[in-house]
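Note that the structure is a prediction, hence the values are computed from the model and not measured. The chains referred to below are lettered A, B, ... by the order of the sequence lines, with proteins before strands, and numbering in each begins at 1.
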Number of protein chains: 2
Amino acid sequence: MKATIYDVAREAGVSIATVSHVINGKGKISRERREEVLHIMQRLNYRPNAIASALAGKKTYTLGLLVPDISNPFFAEIARSVEDRGHQLGYSVVICSTDNKEDKVKRYVSLLKQKQVDGVIIGTGISHEELLASLQDHAIAIALIARDHPGFGANSVRVHDLDGGRLAADHLMDMGHDRLAVLAESERVTSSSERVSGFVEAAAVRGLKVPGDRIISCEPTIEDGYQQAKGMLERPDRPTALFCCNDLLAIGALRAVRELGLSIPEDCSIVSFDDTILASVTDPPLTVIAQPIEQMGRLAVDLVVRDLSEQGDPAARRIVLPPELIVRRSTGSAPGTLTAPCSTR
Amino acid sequence: MKATIYDVAREAGVSIATVSHVINGKGKISRERREEVLHIMQRLNYRPNAIASALAGKKTYTLGLLVPDISNPFFAEIARSVEDRGHQLGYSVVICSTDNKEDKVKRYVSLLKQKQVDGVIIGTGISHEELLASLQDHAIAIALIARDHPGFGANSVRVHDLDGGRLAADHLMDMGHDRLAVLAESERVTSSSERVSGFVEAAAVRGLKVPGDRIISCEPTIEDGYQQAKGMLERPDRPTALFCCNDLLAIGALRAVRELGLSIPEDCSIVSFDDTILASVTDPPLTVIAQPIEQMGRLAVDLVVRDLSEQGDPAARRIVLPPELIVRRSTGSAPGTLTAPCSTR
DNA sequence: CTGAAAGCGCTTACAG
DNA sequence: CTGAAAGCGCTTACAG
């Protein structure tokens with residue numbers, strides 16, 4: 001049978017309060033007593049029951065991670081960094097794939113409350129602020145990751161999407177492209193619409209216009225990226241460069257370009273966004289605006305844990321990280337341009 | 001403040017035992033009382049505290065998922081199916097990425113015990129049976145996934161690796177290949193060595209020998225797949241077909257073939273194993289021996305939950321699922337062969 | 001420095 | 001059909 005605090009107390013000839021104190025390093029315990037107790041704990045292979053200690057007033061040391069889909073490489077990579085940082089700090093993480101469905105989000109949130117998680121990291125769309133607020137009411141710390149909810153006082157960590165869009169446009173224009181098109185996600189996804197804005201704005205700065213009908217909303221899947229890219233490329237006056245708001249769309253686009261018998265980047269350049277493992281595995285590997293995924297996961301955990309340690313609710317922090325352009329082989333000079341090919345890294 | 005069972009009992013004018021009974025559908029409660037209580041619970045927005053009920057003797061409804069790395073697409077996909085099935089059945093899942101490191105495995109196992117998870121699904125290498133046994137001692141149900149530990153009485157779900165290797169070899173030989181080579185994982189990974197055995201055996205059946213020096217052990221990374229494939233292809237009398245024991249290795253091999261200026265499948269065919277999203281995203285997409293990932297995750301959860309519901313420990317079940325050959329475009333007739341190209345699906 | 005006691009929010013025999 | 005009471009394994013004032 002598993003040893004309890006009573007067993008340890010009895011063997012050591014002390015009260016359970018004393019054992020508890022040595023476990024938690026609280027109160028003053030004489031050195032000999034402490035060593036004695038520690039020794040017994042070891043002998044009995046005693047591990048405090050986390051359930052009991054949570055009920056008695058300590059934390060559960062569990063975090064929820066809400067994402068659309070853990071099997072999507074972007075979120076899988078986020079999960080890994082959240083898990084690692086959490087584990088370092090003593091927290092376990094429970095995965096919750098919501099498919100961005102309102103009802104799944106609700107079910108998971110309700111479950112996380114019942115399980116009394118200490119905090120939740122949210123990478124999925126949450127349309128109703130009430131949900132977020134209900135978490136906070138339960139004294140559950142939250143941090144949004146790769147999302148933001150402007151106007152709502154919550155921690156968040158994201159990349160500077162606007163700058164990301166700008167980087168993409170500048171890179172393409174530097175290589176002589178002037179017929180640009182964009183594969184975006186739904187306009188409701190703010191990160192995506194920011195990327196598009198940055199892209200359009202940077203183009204405008206150089207006197208280039210990206211017509212509204214060259215900015216397409218897609219489902220964030222390879223299949224829809226393929227379909228929409230195909231439609232786009234079959235138009236007369238087809239674009240020479242495509243900016244795709246995530247790796248899945250870019251892969252779809254890659255396929256479409258190929259299927260039309262065009263080559264990349266000679267006939268059409270593609271810039272992607274995210275830089276998951278997928279981006280480096282395609283042929284050609286994708287030039288991409290990279291999100292600092294590892295860092296984002298780590299910081300999101302840190303924000304949550306900070307809220308847990310400080311008393312009162314500290315003001316929410318919003319962290320915005322710079323995106324990085326990584327040039328691989330899916331972009332090159334515009335057809336008919338003399339620009340030297342960009343060096344790869 | 002969050003409502004407790006006491007609040008509900010007071011409002012309803014009954015004892016907490018009665019409230020507990022209606023929550024759990026136990027005992028006989030008159031219909032009116034039940035409805036009254038249910039109504040109050042709703043009005044107070046009452047949700048039972050899962051921590052308390054776990055401590056009082058119920059389950060924690062939490063499962064641990066031990067994998068080498070959640071950001072590896074194979075395990076991310078496994079995680080998704082485990083999560084979905086778990087959620088359906090009322091369980092949450094905690095992720096544990098071990099990097100196959102003995103000490104990380106130990107830490108996580110110890111943590112899962114402290115948190116009193118009901119079961120754990122193990123997709124990571126466990127060298128010491130004691131660890132497994134210690135889990136079972138704590139009345140924690142276990143199921144191995146995509147692994148097996150022959151001789152140890154544990155549930156397991158895996159694909160028929162031997163048959164998978166055979167399928168790969170037959171497919172290649174059907175297309176006229178006779179200079180075969182293999183990129184394997186470490187020999188300690190039984191799933192990989194089974195795949196190799198099946199491959200070698202099927203070749204032998206048709207009088208073909210796969211020399212030992214054409215079976216290379218690799219780290220399961222793209223990089224090492226690349227390195228080893230390159231070495232292999234630079235040998236005189238280079239193979240016309242490569243069997244890679246997972247998608248990562250196959251991607252590395254793809255890269256190596258390309259870099260040597262050879263084309264796929266004209267100069268060299270590649271058969272991969274697993275069929276994660278990566279396999280369909282490369283160019284050309286990979287012909288692969290697919291594991292039924294979704295099914296494996298689901299069944300692993302079912303095995304664990306079955307152990308939890310039955311009393312006594314039911315005999316361990318070992319489920320072996322058939323692999324499936326999915327022909328894509330990384331395989332074709334051997335150079336100089338007249339065999340018609342295989343139809344794709 | 002140490003311990004007795006109350007309490008966390010439930011479940012489950014048991015008695016009536 | 002319903003309730004009083006004990007107990008799950010801890011933590012934390014509080015008293016000494």
S.K.: Less than 4.0 angstrom from a charged side-chain N to a carboxylate O is my criterion; do A:Glu11 and A:Arg43 meet it?
M.R.: yes
S.K.: Do the side chains of A:Arg10 and A:Asp7 get close enough for a salt bridge, i.e. N-O under 4.0 angstrom?
M.R.: yes
S.K.: Return the 5'-most residue of the pair A:Val14, B:Tyr46 with respect to DNA chain C, ranking by each residue's nearest nucleotide.
M.R.: A:Val14
S.K.: Are the side chain of A:Lys2 and the backbone of A:Arg47 linked by a donor-acceptor contact shorter than 3.5 Å?
M.R.: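 At least one qualifying donor-acceptor pair exists.
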S.K.: Whole angstrom is fine here: how far is it from CD1 in A:Ile5 over to C1' in D:dG7?
M.R.: 16 Å
S.K.: So if I apply the side chain to side chain contact (heavy atoms under 4.5 Å, CB included) rule between A:Val117 and each of A:Leu63, A:Ile140, A:Val93, which one comes out positive?
M.R.: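 It is A:Ile140, the one option of A:Leu63, A:Ile140, A:Val93 that forms the side chain to side chain contact (heavy atoms under 4.5 Å, CB included) with A:Val117.
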S.K.: Between A:Lys113 (NZ) and C:dG9 (P), how many Å, whole number?
M.R.: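 About 17 Å, once rounded to whole Å.
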S.K.: Quickly work out the A:Glu36 CD to C:dC1 C1' distance and round it to whole Å.
M.R.: 16 Å
S.K.: Mind listing the residues from residues 47-62 of chain B sitting with a heavy atom below 4.0 Å of DNA chain C? Number order is fine.
M.R.: B:Arg47, B:Pro48, B:Asn49, B:Ala52, B:Ser53, B:Ala56, B:Lys58
S.K.: Can you tell if the side chain of A:His87 reaches within under 4.5 Å of the side chain of B:Arg107, non-hydrogen atoms only?
M.R.: yes
S.K.: Salt-bridge test for A:Lys59 and A:Asp118: reply yes if a basic N is under 4.0 Å from a carboxylate O, no otherwise.
M.R.: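 A:Asp118 and A:Lys59: not salt-bridged.
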S.K.: Quick one: does any side-chain atom of A:Asp69 pair with a main-chain N or O of A:Ser71 as donor and acceptor, under 3.5 Å?
M.R.: yes
S.K.: Between A:Asn49 and B:Lys115, is any side-chain donor less than 3.5 angstrom from a side-chain acceptor?
M.R.: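 Looking only at side-chain atoms, B:Lys115 and A:Asn49 do not form any donor-acceptor pair under 3.5 Å.
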S.K.: For A:Val19 and for B:Thr18, locate the closest nucleotide of DNA chain D by heavy-atom distance; then report the residue assigned to the nucleotide nearer the 5' terminus.
M.R.: B:Thr18
S.K.: When the distance from CZ of B:Arg10 to P of D:dG3 is rounded to whole Å, what number comes out?
M.R.: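 One finds 15 Å between P of D:dG3 and CZ of B:Arg10, rounded.
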S.K.: Does B:Arg33 make a side-chain N or O approach to OP1 or OP2 of D:dT2 shorter than 4.0 Å?
M.R.: yes
S.K.: Ignoring hydrogens and angles, tell me if any N or O in the side chain of B:His39 forms a donor-acceptor pair with the backbone of B:Glu35 under 3.5 Å.
M.R.: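 A pair under 3.5 Å: no.
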S.K.: Side chains of A:Glu83 and B:Ile70, heavy atoms from C-beta outward: is any pair under 4.5 Å?
M.R.: yes
S.K.: Test for a donor-acceptor pair under 3.5 Å between the base of C:dC8 and the side chain of B:Tyr6, counting only N and O atoms.
M.R.: no
S.K.: When you measure from the side chain of A:Asn155 to the backbone of A:Arg317, do you find a donor-acceptor pair of N or O atoms at a distance under 3.5 Å?
M.R.: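 Yes, the answer is positive, given that a donor and an acceptor are paired below the 3.5 Å cut-off.
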S.K.: Among D:dC10, C:dG3, C:dT11, which nucleotide has an atom closest to any side-chain atom of B:Asn24?
M.R.: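 Between D:dC10, C:dG3, C:dT11, the one nearest the side chain of B:Asn24 would be C:dT11.
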S.K.: Reading DNA chain C 5' to 3', how would its secondary structure be written in dot-bracket notation, given Watson-Crick and G-U pairs with both distances under 3.5 Å, brackets [ ] for crossing pairs and | for partners on other strands?
M.R.: |||.||||||||.|||
S.K.: Just how far, in rounded Å, is C1' of C:dC1 from CD of A:Glu35?
M.R.: 16 Å
S.K.: Can you check the A:Ile16 CD1 to C:dA6 C1' distance for me, whole Å?
M.R.: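 So the two atoms are 11 Å apart, to the nearest Å.
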S.K.: Looking for any heavy atom pair under 4.0 Å, which part of the strands does B:Ser20 touch: base, sugar-phosphate only, or nothing?
M.R.: base
S.K.: Does the pair B:Arg80/B:Asp84 count as a salt bridge with the N-to-O cut at 4.0 Å?
M.R.: yes
S.K.: Atom pairs, N/O to N/O, protein against nucleotides 13-16 of chain D, distance under 3.5 Å?
M.R.:
none

